[in-house]
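A quick write-up on the structure given underneath.
Here is how names work: the chains are called A, B, and so on, in the same order as the sequence lines, proteins then strands, and each is numbered from 1.
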Protein chains: 2
Amino acid sequence: MGATKTDLFTKQQNEIAAMAKAIAHPARIAILQYLVKKNACVCGDLVDELGLAQATTSQHLKELKTAGIIQGSIEGASVCYCINPKVWKQYRDLFNAFFKEVDLQGSCC
Amino acid sequence: MGATKTDLFTKQQNEIAAMAKAIAHPARIAILQYLVKKNACVCGDLVDELGLAQATTSQHLKELKTAGIIQGSIEGASVCYCINPKVWKQYRDLFNAFFKEVDLQGSCC
DNA sequence: AATTATTATCGCAATATTACGATATAATTA
DNA sequence: TAATTATATCGTAATATTGCGATAATAATT
């Protein structure tokens, strides 16, 4: 046990959960906020900004990149990261749809 | 190591991450979708619906309840759960604000 | 009162995540 | 070319999450 039983759920449910998991860490939220503010930055900037070790920062960047929400391009010796606008919009639309207005009277039984 | 270094991040960053974590599992997404559809249900309904063990289902319900996004009221021998509309709206507004429109040209360096 | 039904919690095993030092790799600089 | 800079990856330790059987607690039923 310990592993999530993804086969019990729909593709959509697994996708929403995976997207939520991608942003379910304050460091990754901080990275995304920093990228939105600065438009682009290199890994080293984030190491200074976050206060986490270089290895840890790189690992969080990798997770965000795997999720597709950021992209990196090699810029000489460093790597420049920025938001992937297409995927960013997908996230916005998906969370928007999930939390859409419903007639919630909170009538519990 | 292993524990998240919450002290490195702002209260807001930790809050957004915590909210994302609350819905970062397909079973919890499925529970919320079921509650939106049915308006209210008891734990046993979800055990049948999800296909997870009773103990596991109860645990996921507890996490959603701790996050505040659902509420439960004792109804005889069973417990009736429903969405907490106030917190639901907070989630919607917060994710909405986080993923708000920004001028993302995706211009990476 | 004894049985049954419903849910929560405990205890444990398996797996995942977080964090970091050490090291590898590749580009830049001296 | 050697040293430096920037990033990624490996290996490992600490902690968290997931899942479930067993059991406790409470209400309903017989």
Side-chain angles (χ1 to χ4, degrees), chain A residues 1-9 13-14 17-31 35 40-67 70-82 108-109, chain B residues 1-9 13-14 17-31 35 40-67 70-82 108-109:
Chain A
M1 308 134 200
T4 297
K5 291 194 160 182
T6 51
D7 55 304
L8 288 179
F9 309 102
Q13 286 163 346
N14 283 311
M19 289 164 93
K21 190 178 273 185
I23 61 165
H25 192 288
R28 296 198 285 276
I29 294 292
I31 290 172
L35 281 177
C41 73
V42 296
C43 177
D45 296 339
L46 290 165
V47 175
D48 298 339
E49 175 75 9
L50 302 181
L52 287 170
Q54 186 270 323
T56 309
T57 304
S58 188
Q59 197 171 308
H60 282 301
L61 283 168
K62 189 185 180 182
E63 281 178 66
L64 289 170
K65 206 176 153 197
T66 300
I70 68 169
Q71 57 198 173
S73 60
I74 296 167
E75 192 77 13
S78 53
V79 176
C80 178
Y81 286 100
C82 68
C108 219
C109 296
Chain B
M1 311 137 201
T4 297
K5 290 191 158 184
T6 52
D7 53 305
L8 288 178
F9 309 102
Q13 287 163 345
N14 283 310
M19 288 165 94
K21 190 178 274 186
I23 60 165
H25 192 288
R28 296 197 287 275
I29 295 292
I31 289 171
L35 280 177
C41 72
V42 297
C43 178
D45 296 340
L46 291 165
V47 175
D48 297 339
E49 176 74 10
L50 301 182
L52 287 170
Q54 187 270 323
T56 309
T57 304
S58 188
Q59 197 171 308
H60 283 300
L61 283 168
K62 190 185 180 182
E63 282 177 66
L64 289 170
K65 204 176 154 197
T66 300
I70 68 168
Q71 57 197 171
S73 61
I74 296 168
E75 192 77 13
S78 52
V79 175
C80 178
Y81 287 100
C82 67
C108 218
C109 295

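In this structure, the CG atom of A:Leu61 is 9 Å from the P atom of D:dT7, given to the nearest Å. The interatomic distance linking A:Leu8 (CG) with D:dG19 (C1') rounds to 11 Å, in whole Å. Across the protein-nucleic acid pair, A:Lys65 atom NZ and D:dA8 atom C1' stand 10 Å apart, rounded to whole Å. In this structure, B:Glu63 places its CD atom 9 Å from C1' of D:dT18, rounding to the nearest Å. Atom C1' of nucleotide D:dT18 and atom CG of A:Asn14 are separated by 14 Å, given to the nearest angstrom. In this entry the distance linking NE2 of A:His25 with C1' of D:dA16 reads 11 Å, nearest Å. Rounded to whole Å, the distance from NZ on A:Lys62 to P on D:dA6 is 22 Å.
Along DNA chain C, the stretch of nucleotides lying under 4.0 Å from any heavy atom of chain A spans, 5' to 3', C:dA14 to C:dT28.
In terms of heavy atoms, A:Pro26 sits closest to B:Ala17 at N-CB, 3.4 Å. Nearest heavy atom pair, residue B:Leu8 against residue A:Gly51, reads CD1-O, 3.8 Å.
For A:Thr6, the side chain to side chain contact (heavy atoms under 4.5 Å, CB included) partners are A:Thr4, A:Asn14, not counting sequence neighbours. The side-chain hydrogen bond (donor to acceptor under 3.5 Å, both in side chains) check on B:Glu63 picks up B:Arg28, with sequence neighbours excluded. Legend: residues meeting side chain to side chain contact (heavy atoms under 4.5 Å, CB included) with A:Gln54, ordered by chain and number and at least two apart, are A:Cys43, A:Val47, A:Ser58. With sequence neighbours left out, the side chain to side chain contact (heavy atoms under 4.5 Å, CB included) criterion links B:Thr56 to B:Leu52, B:Ala53, B:His60. Scored by the side chain to side chain contact (heavy atoms under 4.5 Å, CB included) test, A:Lys65 finds A:Ile70, A:Tyr81 as partners (sequence neighbours excluded). Evaluation of the disulfide bond (SG atoms under 2.5 Å apart) rule for A:Cys80 yields B:Cys109 as partners, not counting sequence neighbours.
Put simply, B:Lys21 has a side-chain N or O that comes within less than 4.0 Å of OP1 or OP2 on D:dT17. Taking side-chain N and O atoms only, A:Tyr81 has a distance below 4.0 Å to OP1 or OP2 of D:dA8.
The residue among B:Ser58 and B:Phe9 whose nearest nucleotide of DNA chain C lies closer to the 5′ end is B:Ser58. Along DNA chain D, the nucleotide nearest A:Ala3 and the nucleotide nearest A:Gly44 are compared for position; the residue whose nucleotide lies closer to the 5' end is A:Gly44.
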Heavy-atom protein contacts under 4.0 Å, nucleotides 20-26 of chain D, coded B base, S sugar-phosphate only, - none
BBB----
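Applying the salt bridge (Lys or Arg N to Asp or Glu O under 4.0 Å) rule to pairs touching residues 42-53 of chain A yields nothing, sequence neighbours excluded.
In this structure, of D:dG19, D:dA6, D:dT17, it is D:dA6 that holds the atom nearest to the side chain of A:Ser78.
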